[in-house]
**Q** 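I'd like to ask you about the structure that follows.
As the structure is a prediction and not an experimental result, all values here were calculated from the model.
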Amino acid sequence: MAMTEESVEATAGDRSCRNCRNSASPELDGEAPESARERVNRRWNEILQETRVAQTGVQILFGFLLSVAFTPLFRELATFDRVVYVVTVVLGASATGSLIAPVSIHRFLSGQRMKDEVVEAASRLMICGMVLLALTIACTLLLILRLVVPGVLAEALVGGVMLWFGFCWYALPVRLRRRAARRGEAPGA
């Protein structure tokens with residue numbers, strides 16, 4: 001596994017500040033300091049676990065979306081609902097591509113001593129994939145709820161669900177990061 005032996009050699013600066021979560025006093029949180037190599041390996045393993053979870057969800061949703069076009073009721077959809085369906089399928093395909101991309105990047109760059117770059121690119125693709133997944137879910141909800149709920153209630157429900165997603169997936173992590181920064185912990189762990 002050449003990817004675990006990367007060009008993240010610990011420098012003198014890394015040795016003096018090895019714990020990225022609490023550089024002031026690593027002993028306070030009870031965790032041993034980690035080297036730059038250990039940190040990049042941990043981040044890569046975390047990305048792999050997150051990718052497994054997200055890929056499963058997006059693939060199930062995407063499979064459901066693809067099957068919808070072959071149902072008898074699909075022919076009865078109004079033009080707007082067909083447009084929503086097409087947008088939803090394109091978003092789902094894009095989310096699938098973004099969430100699977102880290103695997104492809106790793107495979108192409110394995111052994112090239114580029115783990116830092118691979119981890120950074122994979123992290124950005126995961127964030128992009130999660131945004132696309134949230135939009136896919138919003139459009140899927142809109143498509144389904146427009147058939148089930150009368151009037152603008154469908155749009156209001158989708159808006160409420162998307163606010164919840166925005167809070168759970170984006171606002172809460174930003175809030176936690178800011179709180180950690182105020183306590184003096186280094187973000188980016």
Side-chain angles (χ1 to χ4, degrees), residues 20-21 29 39-40 42-71 73-74 76-106 117-183 185-189:
C20 61
R21 275 184 255 191
D29 62 7
R39 182 172 43 255
V40 77
R42 175 184 50 80
R43 288 186 67 213
W44 178 248
N45 287 329
E46 289 171 354
I47 286 172
L48 287 177
Q49 293 302 323
E50 294 163 0
T51 300
R52 287 182 184 118
V53 171
Q55 279 179 353
T56 302
V58 76
Q59 288 171 339
I60 290 169
L61 179 58
F62 190 57
F64 161 75
L65 289 170
L66 292 177
S67 68
V68 168
F70 300 102
T71 63
L73 291 177
F74 185 78
E76 299 175 21
L77 287 179
T79 303
F80 177 79
D81 293 324
R82 286 178 182 255
V83 169
V84 170
Y85 174 77
V86 169
V87 168
T88 305
V89 169
V90 170
L91 286 169
S94 300
T96 301
S98 290
L99 294 171
I100 294 175
V103 175
S104 177
I105 290 171
H106 176 266
E117 293 85 356
V118 169
V119 168
E120 188 60 35
S123 178
R124 291 179 189 276
L125 283 163
M126 287 290 296
I127 291 169
C128 179
M130 295 304 291
V131 170
L132 291 168
L133 178 58
L135 293 172
T136 304
I137 291 170
C139 288
T140 303
L141 278 173
L142 182 61
L143 188 64
I144 292 169
L145 292 177
R146 280 182 46 86
L147 297 174
V148 177
V149 182
V152 296
L153 183 57
E155 288 85 357
L157 289 171
V158 170
V161 170
M162 288 299 94
L163 285 173
W164 178 246
F165 270 58
F167 173 76
C168 293
W169 288 12
Y170 305 106
L172 184 58
V174 167
R175 181 176 178 209
L176 293 173
R177 178 178 272 188
R178 286 182 181 156
R179 184 183 303 166
R182 281 192 303 268
R183 285 194 312 248
E185 297 174 1

**Q** Of all the heavy-atom pairs spanning Ser98 and Cys128, show the shortest one and how long it is.
**A** OG-SG, 3.8 Å

**Q** Please find the pair of heavy atoms, one from Ala154 and one from Val149, that lie closest to each other, and give the distance.
**A** N-CG1, 4.0 Å

**Q** Taking all atoms of both residues into account, what is the closest heavy-atom pair of Ile105 and Ala121, and its distance?
**A** CD1-CB, 4.3 Å

**Q** Ala122 and Trp44: which non-hydrogen atoms are nearest, and at how many Å?
**A** CB-CZ3, 3.8 Å

**Q** Can you tell me how far apart CG (Leu132) and OG1 (Thr96) are? Round to the nearest 0.5 Å.
**A** 9.5 Å

**Q** Within the side chain of Ser67, is there an N or O that forms a donor-acceptor pair under 3.5 Å with the backbone of Phe64?
**A** yes

**Q** Quick one: CG on Leu61 to CD1 on Ile137, what's the gap to the nearest 0.5 Å?
**A** 6.0 Å

**Q** If we only count heavy atoms from C-beta on, is the Tyr170 to Val131 side-chain gap below 4.5 Å?
**A** yes

**Q** Looking at CD of Glu46 and OG of Ser123, how far apart are the two atoms once the value is rounded to the nearest 0.5 Å?
**A** 10.0 Å

**Q** Mind checking whether Leu99 and Leu125 have side chains closer than 4.5 Å, heavy atoms only?
**A** no

**Q** Just wondering, do Leu48 and His106 contact through their side chains at under 4.5 Å, heavy atoms?
**A** no

**Q** Show the nearest heavy-atom pair for residues Cys139 and Leu91, with the distance to one decimal.
**A** SG-CD1, 3.8 Å

**Q** Would you call Thr140 and Ile144 a side-chain contact if the rule is heavy atoms closer than 4.5 Å?
**A** yes

**Q** Can you see which heavy atom on Ile47 is nearest to which on Met126, and at what distance?
**A** CG2-CG, 4.3 Å

**Q** Report yes if the side chains of Val58 and Thr136 come closer than 4.5 Å at any heavy-atom pair, otherwise no.
**A** no

**Q** How far apart are the C-alpha atoms of Thr56 and Ile60, what are their side-chain angles, what is the distance that settles it, and do they pass the side-chain contact (heavy atoms from CB on, under 4.5 Å) test?
**A** CA-CA 6 Å; Thr56 302; Ile60 290 169; 3.9 Å; yes

**Q** Taking side chain to side chain donor-acceptor pair (under 3.5 Å) as the definition, give me every residue that meets it alongside Arg178, ordered by chain and number, with sequence neighbours left out.
**A** none

**Q** For the side chain of Arg82 and the backbone of Phe74, is there at least one donor-acceptor N/O pair under 3.5 Å apart?
**A** yes

**Q** Kindly compute the distance separating CD (Glu50) from CD1 (Ile127), expressed to the nearest 0.5 Å.
**A** 9.5 Å

**Q** Without swapping roles, check the side chain of Tyr85 against the backbone of Leu65 for a donor-acceptor pair under 3.5 Å.
**A** yes

**Q** Nearest 0.5 angstrom please: Leu135 CG to Met162 CE, how far?
**A** 8.0 Å

**Q** Taking Ser104 for the side chain and Ala101 for the main chain, is one N or O donor matched with an acceptor at less than 3.5 Å?
**A** no

**Q** Could you go through Leu77 and Leu73, starting from their C-alpha distance and side-chain angles, then the distance that decides it, and tell me whether this counts as side-chain contact (heavy atoms from CB on, under 4.5 Å)?
**A** CA-CA 7 Å; Leu77 287 179; Leu73 291 177; over 6 Å; no

**Q** Out of curiosity, Ile100 CD1 to Thr51 OG1, how far, rounded to the nearest 0.5 Å?
**A** 9.5 Å

